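A short worksheet on the structure shown next.
Since the structure is predicted, the reported quantities are computational estimates derived from the model, not experimental observations.
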Amino acid sequence: MKASLLFLLACTAVLAVGARADAPEEPKALVQKVQELAQKATAMAKDVYSKARDSEAVRQARQWLSDNAELAKQRLVWLKEQLAELWKKTPAA
């Protein structure tokens, strides 16, 4: 997701700069504008990613997953045992 967002912002920057170009004789200025906008887009994407990574909701989700992973494993073992017993009790056809 991070890469696709960054790619989208970079493409938007290129299109915006291309639309604002006054004349084709100014390629250096155009390249510099694209580079500046790409740097801004990269910085913004990194900021959004770090905020999302460090958010309280993400921390709570990670904690919930780590707390409940062992319980899920225990329930799967129990279910496997129950199915094995049921399999043994089923008469062969």
After noting the C-alpha distance and the side-chain angles of V77 and E81, does the key distance pass the side chain to side chain contact (heavy atoms under 4.5 Å, CB included) rule?
-> CA-CA 6 Å; V77 167; E81 290 170 355; 3.6 Å; yes
Would you please test K88 and E85 for salt bridge (charged side-chain N to carboxylate O under 4.0 Å, His left out) and show each step?
-> CA-CA 5 Å; K88 289 177 186 176; E85 287 180 26; over 6 Å; no
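- The closest side-chain heavy-atom distance from K51 to D47 is below 4.5 Å.
- Cluster membership check: W78 shares its hydrophobic cluster with L83, using side-chain heavy-atom separations under 4.5 Å among Ile, Leu, Val, Met, Phe, Trp and Tyr.
- Screening K46, M44, Q39 against T42 for a side chain to side chain contact (heavy atoms under 4.5 Å, CB included) leaves a single residue, K46.
- With respect to K33 and E36, no salt bridge is recorded, no charged nitrogen being found less than 4.0 Å from a carboxylate O.
- Around the CZ atom of R75, the shell of radius 6.0 Å holds no more than 12 heavy atoms that belong to other residues, nucleotides or ligands.
- Taken from CG in N68 to CD in Q63, the straight-line distance is 9.5 Å, to the nearest 0.5 Å.
- With rounding to the nearest 0.5 angstrom, the CD atom of Q32 is 10.5 Å from the CG atom of L37.
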